[in-house]
Amino acid sequence: MTVLVRDQLANLLRTALQAAQADQSLPEVNLPPIELARPKVAAHGDYSSNLGMILAKPAKMAPLQIAQRIIAHLPPAEFVGKVEVAAPGYINFTLAEPWLARQVAVILENGSTWANLRHGNDVRVQVEHGSANPTGPLTIGSGRNIVIGDTLANLLSAAGYDVQREYYVNDVGSKVRKFGETVYVRYAQALGVDEPLPQEFYPGDFLVELGQDFAREYGDKYLQVPRAEAVQTLGEVGTQRVVDHVKQTCARMNIHYDRWYSERSLYDSGLFAQIYQMLENKGSLIEKDGAIWFASPDLGEDNDAVVIRSPQVIPNPEDRPTYFASDIAYLWDKLVLRSFDRAIYVWGADHHGDRPRIFAVAKALGLDPQRVTIILYQHVTLMKDGVEQKGSKSAGTAVALHEVIDEVGMDACRFMLLTRTVDSKLLFDLSLAKEQSEKNPVYYVQYAHARIASILRKAGEVLTAVELPAEPDVQQLTHPAELALIRKMLELPVIIEQAVRDLAPHHLTYYAQDLASTFSLFYRDCKVVDAEQPALTLARLQLCRAAKITLARTLELMGMSAPEAM
RNA sequence: GCCCCCGUAGCUCAAUAGGAUAGAGCGACGGACUUCUAAUCCGCAGGUUGUGGGUUCAAAUCCCGCCGGGGGCGCCA
């Protein structure tokens, strides 16, 4: 298990601060939270503390003087090489080189668990992502959703959380019925029946093909039964087909769920009725214009949300509960029946208006809203040859995710969809993603991994005839490029922690490029396999193995493959 | 009108809970393959972080106003 240097440094500083206060070097003031930053400039060391500036006001002392008194009380530590005070009051730490070199051995000992953290403390977290209507193939927008969710789940898991991945299937409601109508018509048309499309139908070739499939499989069987029954059955079977298709696409993205949760089951199980009763008992439901609304002081006036639509407007009882109605029962299922400590939702930004309702309903049900996190990601624009590919799912013109995978492959697809903060819209450049060249960061990262594998293979060939020391000695690693690579590798657990804390999985893509770049510089400056220097060669091979592990772990967290050769 | 997100180099974007000299890639220009993978590396150019105030020892980052772009405000899902 990885213990962060940063946290150890914070402990040292805390001890020093208390010691300084004990002997009156510093006045008794409340201890501030101790933060350590990583300076951008190498001359400022590996870590820096701003304690001097923070304490200046309460201690009524000059920041520089405070910093000096703190470091005078700093206990010795093997990982600390140099400690300096810098204006206006920074304390800068440089890590000890022998300690850095030893971390190569530590990484190798940890192997595939290197960089894992215990921060999560086995807290049970559910990440719900994907969750699109089962009425057509996943779009590129859904692609962003599942990549964010899956990567975040990977990160949470690495950080020590007990993670469950779930896809919520919206298999109920009027859209599903309209989908059934369309499937039926496409099926009938495939059999040569002149059946007109319903008022609201699902366009796109996907449903035409589905109708043809059904015509082939069932013949005219469903033309012989009552229409309503045929629509119902073909709708259900069609929905199942779409879900299967979605599952396939997810699998091609290396995304796997622990559970596919049916929205319909919330009603079939009676859970919705039960929660509805609870809300009614609490007085959270009001009747207005024939509909039932959820009202809450947290939402403010005029922001009531419809739970059950009015019979005057919606004749079919099954269509009356709203999407929000389902969400209420689903939330209860997550937090109470399945007792997840935390529920994370990944939603498209167009749902931002629904967010306050979830929190308000959690509160109304007596649940802590802090247990709920909703990640909103901005939209994806697909570019091809410099032209924006416009399209919408409901119009059947959206570019499907599986088509993008066909074109650029899973690795490039995942990387591209992950590479921006969730808060900014994402421009997916299909032409660039497809290009297998130095322009494409995806291959840059994988290339570094493949190159290490190649070096290790080469070493195996060259070194058979060379007499080698019995044990590798990592203390041979003193070259600046070697130490820079070690420092970069040690950042991975910090990146994991930060990505989890900020729910910002995109950090991984930048770290991956950074790590690959740092390795390339080492490769340029340090010849690894050198029969003339067997001890150094052995040490550098250990470094290469550690770098390979770190790159592979980074790629693994992003759900990408780590090729042995390219 | 109200709500959410964004505005950083020619382009696409980073910037670790406010920290020191704002960084990459692409594109432009100029270099490096008898050398462990050149899908690599090096050099050079490119900035008043949209704008005006405020808070702070310190602001791309926090607060307020304005300008510009995207999205949402349904008894759709």
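In what follows, chains carry the letters A, B, and so on, assigned in the order in which the sequence lines appear, proteins first and then strands, with residues in each chain numbered from 1.
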ring-ring contact (aromatic ring centres under 6.0 Å, His included) partners of A:Trp260, counting only residues at least two apart:
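Checked A:Trp260 against ring-ring contact (aromatic ring centres under 6.0 Å, His included); matches are A:Tyr167, A:Tyr257.
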The criterion is ring-ring contact (aromatic ring centres under 6.0 Å, His included); which residues satisfy it with A:Tyr511, sequence neighbours excluded?
none
Got a sec, which residues hit side-chain contact (heavy atoms from CB on, under 4.5 Å) with A:Arg177, two or more places apart in sequence or on another chain?
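Applying side-chain contact (heavy atoms from CB on, under 4.5 Å) to A:Arg177 gives A:Asn316, A:Glu318, A:Asp319.
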Can you list the residues that meet the side-chain contact (heavy atoms from CB on, under 4.5 Å) rule with A:His506, with sequence neighbours excluded?
A:Thr421, A:Ala504, A:Tyr510
By nearest nucleotide on RNA chain B, pick out whichever of A:Ala459 and A:Gly353 is the more 5' one.
A:Ala459
Stacking check: are the rings of A:Tyr90 and B:A20 less than 5.5 Å apart at their centres and under 30 degrees in tilt?
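Yes; by the centre-distance and plane-angle rule, A:Tyr90 counts as stacking on B:A20.
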Residues which pass side chain to side chain donor-acceptor pair (under 3.5 Å) with A:Glu236, listed by chain and number, not counting sequence neighbours
A:Gln232
Residues passing the side chain to side chain donor-acceptor pair (under 3.5 Å) test with A:Thr94, sequence neighbours excluded, are none
Please list residues of residues 516-525 of chain A whose heavy atoms come under 4.0 Å from any atom in RNA chain B, ordered by number; otherwise none.
A:Ser520, A:Leu521, A:Tyr523, A:Arg524
Among the candidates [options], find the nucleotide nearest to the side-chain atoms of [X].
| X | options | result |
| --- | --- | --- |
| A:Tyr510 | B:C36, B:A14, B:C75 | B:A14 |
| A:Arg451 | B:U16, B:A14, B:A38 | B:A38 |
| A:Lys527 | B:U21, B:G72, B:C36 | B:C36 |
| A:His352 | B:A14, B:U16, B:C4 | B:C4 |
| A:Arg420 | B:C13, B:A20, B:C76 | B:C13 |

Using the glycosidic torsion, which applies to B:C62: syn (within 90° of 0) or anti (everything else)?
anti
What's the gap between [N] and [M] when it is taken at their [atom1] atoms, as a whole Å value?
| N | M | atom1 | value |
| --- | --- | --- | --- |
| B:U16 | B:A22 | C1' | 14 Å |
| B:G46 | B:A38 | C1' | 26 Å |
| B:G18 | B:G1 | C1' | 34 Å |

Has the side chain of [X] got a donor or acceptor atom that lies under 3.5 Å from a matching backbone atom of [Y]?
| X | Y | result |
| --- | --- | --- |
| A:Asn92 | A:Gly45 | no |
| A:Asp429 | A:Leu432 | yes |
| A:Arg320 | A:Ile314 | yes |

Determine the contact category for [X]: base if any of its heavy atoms lies under 4.0 Å from a base atom, sugar-phosphate if only primed atoms, P, OP1 or OP2 are that close, otherwise nothing.
| X | answer |
| --- | --- |
| A:Ala56 | nothing |
| A:Ala565 | base |
| A:Asp530 | nothing |

Inter- and intrachain pairs under salt bridge (charged side-chain N to carboxylate O under 4.0 Å, His left out), touching residues 407-428 of chain A, at least two apart:
A:Asp150-A:Arg414, A:Lys384-A:Glu407, A:Glu407-A:Lys434
Within less than 4.0 Å of OP1 or OP2 of [N], is there a side-chain N or O belonging to [X]?
| X | N | result |
| --- | --- | --- |
| A:His506 | B:A15 | yes |
| A:Thr421 | B:A14 | yes |
| A:Tyr444 | B:A38 | no |
| A:Ser424 | B:U12 | no |

Is any NZ, NE, NH1 or NH2 atom of the basic residue among [X] and [Y] found under 4.0 Å from an Asp or Glu carboxylate oxygen of the other?
| X | Y | result |
| --- | --- | --- |
| A:Arg357 | A:Asp354 | yes |
| A:Glu564 | A:Lys548 | yes |
| A:Lys178 | A:Glu181 | no |

Euclidean distance, atom [atom1] of residue [X] to atom [atom2] of [N] [Å, nearest integer]:
| X | N | atom1 | atom2 | result |
| --- | --- | --- | --- | --- |
| A:Tyr47 | B:A20 | OH | C1' | 18 Å |
| A:Asp429 | B:U12 | CG | P | 11 Å |
| A:His44 | B:U21 | NE2 | P | 8 Å |
| A:Asp423 | B:A14 | CG | C1' | 14 Å |
| A:Gln513 | B:A14 | CD | P | 12 Å |
| A:Ile286 | B:C75 | CD1 | C1' | 13 Å |
| A:Leu376 | B:C73 | CG | P | 13 Å |
| A:Glu532 | B:C36 | CD | C1' | 15 Å |

To check you understand the geometry: which heavy-atom pair defines the closest contact between A:Arg457 and A:Ala450, and what is its length?
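Reported closest heavy-atom pair: NH2-O, 4.5 Å.
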Between the base of B:A14 and the side chain of A:Asp514, is there a donor and acceptor pair under 3.5 angstrom?
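Result: no qualifying N/O pair found.
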Applying salt bridge (Lys or Arg N to Asp or Glu O under 4.0 Å), name anything that partners A:Asp298, two or more places apart in sequence or on another chain.
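Salt bridge (Lys or Arg N to Asp or Glu O under 4.0 Å) check on A:Asp298 returns A:Lys363.
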Evaluate ring pair (Phe, Tyr, Trp, His ring centres under 6.0 Å) for A:Phe201 paired with A:Phe179, printing each intermediate quantity in order.
CA-CA 7 Å; A:Phe201 70 101; A:Phe179 169 83; over 10 Å; no
With 3.5 Å as the limit, what N/O pairs link the protein to nucleotides 68-70 of chain B?
none

Extract from the structure each pairing of a protein N or O with an N or O of nucleotides 56-60 of chain B at less than 3.5 Å, listing the distance.
{"residue": "B:C57", "atom": "OP1", "partner": "A:Lys57", "partner atom": "NZ", "Å": "3.2"}

Pairs under 3.5 Å (Watson-Crick or G-U), crossing ones as [ ], inter-strand ones as |: RNA chain B comes out as (((((((..((((.....[...))))..((((.......))))......(((((..]....))))))))))))....
